[in-house]
Amino acid sequence: MRLPRPRPSRRLRGPRSLAGQLFAMQVVLVAAVVLGCAVFAYVSAGRQAEETARRQATAAATAVADSPAVVAAARTKDPTAALQPYSERLRRDAGVDFVVVMAPDGTRWTHPEPSAIGGKYLGHIGPALRGEIFPETHMGVLGPSVRVVAPVRDPARGGRITALVSSGITVATIGQQLRDQVLALVGVAAAALALGGLGTYVVNARLRRHTHGMNAAELARMYDYHEAALHAVREGLLMLDGADRVALINDGGRELLGLTGDAVGRPVAGLGLPEPLTGALLAPGPTVDALHLTGERVLVVNSAPVSGDRRLGSVVTLRDHTELQALSGELDSVRGFAEALRSQAHEAANRLHTVVSLIELGRAEEAVTFATAELELAQTLTDRVVGAVAEPVLAALLLGKAAQANEHGVELVLTEDSRIDDGVIPPDLPARDLVTVLGNLIDNALDAAAPPQGHGAPPQVRVTARADGGELLLRVVDNGPGIAADATEEVFRRGWSTKGRDIGKPAAAGARGLGLALVGQAVRRHGGTVRLDRGPEGGARFTVRLPLRAAEGVPR
C-alpha cells in the first residue's frame with residue numbers, strides 16, 4: 001500500500017513570495033487600523049453617551065425646577081398628589097429614568113418607585129441648597145446613575161429654595177445604548193476589514209502575477225545579477241517599451257550607438273541615429289543579423305518583440321562588426337589577388353607554351369619578340385605604379401586591382417598627375433582605411449565599366465592618387481553607364497549598389513550596398529569629403545579628399 005506523499009511545509013519550500021509577504025503585512029496593517037479605529041470609536045462613544053445622558057438630565061431637572069406648577073405644589077401640605085403624575089409624565093417625555101422632586105431636607109415627594117416616596121434621597125444635595133445646579137454619578141434606588149440636582153426657588157418668598165429636583169439616567173441604560181452603538185460599530189469595522197482585505201488581495205494578486213511569485217530575496221538577487229550582466233556584457237543591449245522609448249540600455253549599447261547622457265526614456269526616433277538603423281530598431285517584427293552603419297561603426301542588429309497579452313516592446317542586441325568587416329574587405333582583396341595571380345599563372349603558362357612552341361618550330365626570333373613584349377608591358381605597369389605611389393600598401397593595391405581589371409577585360413590606368421611620396425601619409429590615417437576607400441571605389445568602377453558596354457568604347461577605369469597641398473586626393477573614374485543625378489547622395493547609404501545591371505538602384509536587403517557606405521563612413525571619420533558626379537565620358541566619377549593633418553586639438 002502506497003502512503004500519500006506528504007506535502008512540504010512552507011518553511012521547506014522557501015520564503016513566502018513578495019506578493020504573499022505584502023498581502024500578510026497589508027492584512028495586519030488594515031486589521032490594526034480598523035481595530036484602533038474601533039477602540040477609539042468605542043471610547044468616544046462611551047464618553048459621548050455619558051455626556052448626552054448628563055445633558056438630558058440637566059434639561060429635565062431645570063425644566064421641572066422652573067415650572068410654576070412645581071413651585072405652587074411645594075406650598076401645599078401634600079405636594080406628592082400634584083407632583084407625582086407630573087414628574088412621571090415629564091420623565092417619559094424627556095427620555096430619562098427618573099425625575100425626583102424632594103423637600104429641602106431630602107425627603108422625596110415623587111419617585112418612579114412609589115414605595116420610595118417619603119424616603120431620603122440617596123445623593124448629595126448640599127450644592128443645590130446653595131443654589132447650584134450640579135451633576136454627579138451616584139448609587140440610587142434604581143442603581144448607579146448619572147444625575148443632576150437643581151434647586152426650586154419660590155419668587156413669592158423672595159427666591160427662597162423651597163424644593164429640589166433630581167433627574168438622571170441609570171448607568172445600565174447608558175450601557176445598553178453604548179452596546180447598540182458598539183454593535184453597529186463592529187458591523188462597520190467588519191465591513192471595512194472585509195473590503196480592505198478584498199482590495200489588498202486584488203492588488204497582491206496583480207503584484208504576484210507581475211513578480212512571477214518571487215520573494216524579495218529572489219528579486220534582489222535577480223536585480224544584482226541583472227546589473228552585473230548589463231555592465232559585463234560587451235555587446236550592446238537595448239530594450240524598448242511599447243511606445244518605442246528606450247526602457248533600458250547598457251554601457252556597450254551607449255558606446256556602440258555613440259550616445260551621450262541618459263538615453264533612458266527618450267524615443268528612439270530622437271536619438272539622432274541613421275534612418276536605416278532607426279527603422280531596424282522600430283521594426284515590429286524580428287530582425288536577424290542585419291548590418292547597419294553608424295557614424296563610425298558597422299553594427300550587427302538582432303531584435304525580437306516582447307509580447308504578452310499586448311505588445312510590450314522589443315529587445316535589441318548590437319554587435320560591433322567594424323573590425324570583422326574591415327578584415328572581410330581585406331580578405332576579399334586577398335581573394336581577388338589570389339584569383340588574379342592564378343589567372344596570371346595560367347596566362348603565363350600559355351605564353352610559355354607559345355614561346356616553347358615557336359622555338360621548337362625554329363622561329364626563335366618571333367619567340368624572343370613575343371616574350372619581350374609581354375615582359376615590357378608588365379614591367380611598364382609596375383614601374384609606373386611604383387614610381388608614382390611610394391606608399392607600399394596603395395601600390396600593392398593598385399597592382400592587384402590592375403591584374404583583377406585585366407581579368408575582367410577592363411583597362412586600369414593610373415593618371416600622369418598621380419604622385420604620393422613616401423612618408424607623406426601620417427600615422428593617424430591608417431592604411432586599412434585607405435584600402436577600404438580606394439579598394440571599394442575601384443571594385444565598383446570595375447563592375448560598372450565591365451563589358452559589354454552599350455556605347456562600344458573600350459572599358460576603362462582611371463585612378464588618380466595625389467598628395468598635394470596638405471590633402472590626399474583619390475579619384476576613380478569609369479566609362480560605364482553612370483549613376484542617376486538624383487541618387488548621388490543615396491549611393492553612400494547602406495542598401496545602394498553600383499554593381500551589376502542594377503546600377504543606381506537599391507540593393508536587395510542583406511545582398512549588396514555596403515561598400516560605398518563603408519567608403520562614406522571611413523571618409524567622414526577622418527574629416528574628409530567624398531563627391532560623386534558625372535565623368536567626362538559619361539560614367540561615374542568619385543572624388544575623395546582627406547586632410548593629411550588633423551585640426552589642432554581635434555582627433556581624427
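The side-chain heavy atoms of Pro104 and Leu129, taken from C-beta on, include a pair separated by under 4.5 Å. Residues Val64 and Leu83 fail the side-chain proximity criterion, which asks for heavy atoms closer than 4.5 Å. Put simply, the side chain of Val315 reaches to within 4.5 Å of the side chain of Leu237, judged on heavy atoms. Counting heavy atoms from C-beta on, the side chains of Val149 and His124 never come closer than 4.5 Å. The closest side-chain heavy-atom distance from Leu257 to Leu299 is below 4.5 Å. At least one side-chain heavy atom of Ile125 sits less than 4.5 Å from a side-chain heavy atom of Met102. Residues Lys120 and Asp105 have side chains in contact (heavy-atom distance under 4.5 Å, counting atoms from C-beta outward). Taking the side chain as every heavy atom from C-beta outward, Ser166 and His111 never approach each other to under 4.5 Å.
Note that the OG1 atom of Thr287 and the CG atom of Leu281 stand 8.5 Å from one another [nearest 0.5 Å]. Note that the CD1 atom of Ile161 and the CG atom of Asp154 stand 11.5 Å from one another [nearest 0.5 Å]. Separating the CG atom in Leu277 from the CG atom in Leu282 is a distance of 9.5 Å, to the nearest 0.5 Å. Taken from OG in Ser303 to CG in Leu240, the straight-line distance is 8.5 Å, to the nearest 0.5 Å. Note that CD1 of Ile249 is 7.5 Å distant from CG of Leu318, once rounded to the nearest 0.5 Å. Separating the CZ atom in Arg531 from the OG1 atom in Thr529 is a distance of 8.5 Å, to the nearest 0.5 Å.
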side-chain contact (heavy atoms from CB on, under 4.5 Å) between His526 and Leu429, worked out: CA-CA 7 Å; His526 294 287; Leu429 187 58; 3.7 Å; yes
Walk me through it: do Asp97 and Ile169 pass the test side-chain contact (heavy atoms from CB on, under 4.5 Å)? CA-CA 5 Å; Asp97 289 332; Ile169 300 176; 3.5 Å; yes
With side-chain contact (heavy atoms from CB on, under 4.5 Å) as the criterion, how do Leu122 and Arg108 come out once you've worked through the C-alpha distance, each side chain's angles and the decisive distance to 0.1 Å? CA-CA 10 Å; Leu122 301 179; Arg108 300 189 191 94; 3.7 Å; yes
I would like to know whether Val101 and Leu164 meet side-chain contact (heavy atoms from CB on, under 4.5 Å); could you show each step before the answer? CA-CA 6 Å; Val101 182; Leu164 302 175; over 6 Å; no
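Arg54 approaches Val148 most closely through the heavy-atom pair O-CG2, 3.9 Å. Taking each heavy atom of Ser87 and Thr110 in turn, the nearest pair found is OG-CB, 3.4 Å. In plain terms, the two heavy atoms of Arg153 and Val71 that are nearest each other are O-CG2, 3.6 Å. Nearest heavy-atom pair across Ala128 and Phe134 is N-CE2, 3.6 Å. Contact record, Val264 with Arg254: CG2-NH2, 4.4 Å, taken as the closest heavy-atom pair. The two atoms that bring Val523 and Val530 nearest to each other are CG1-N, 4.0 Å, heavy atoms only.
Shown here is Arg55, whose CZ atom has no more than 12 heavy atoms of other residues, nucleotides or ligands within 6.0 Å.
Arg266 places no side-chain N or O within 3.5 Å of a backbone atom of Leu271 that could act as its donor or acceptor partner.
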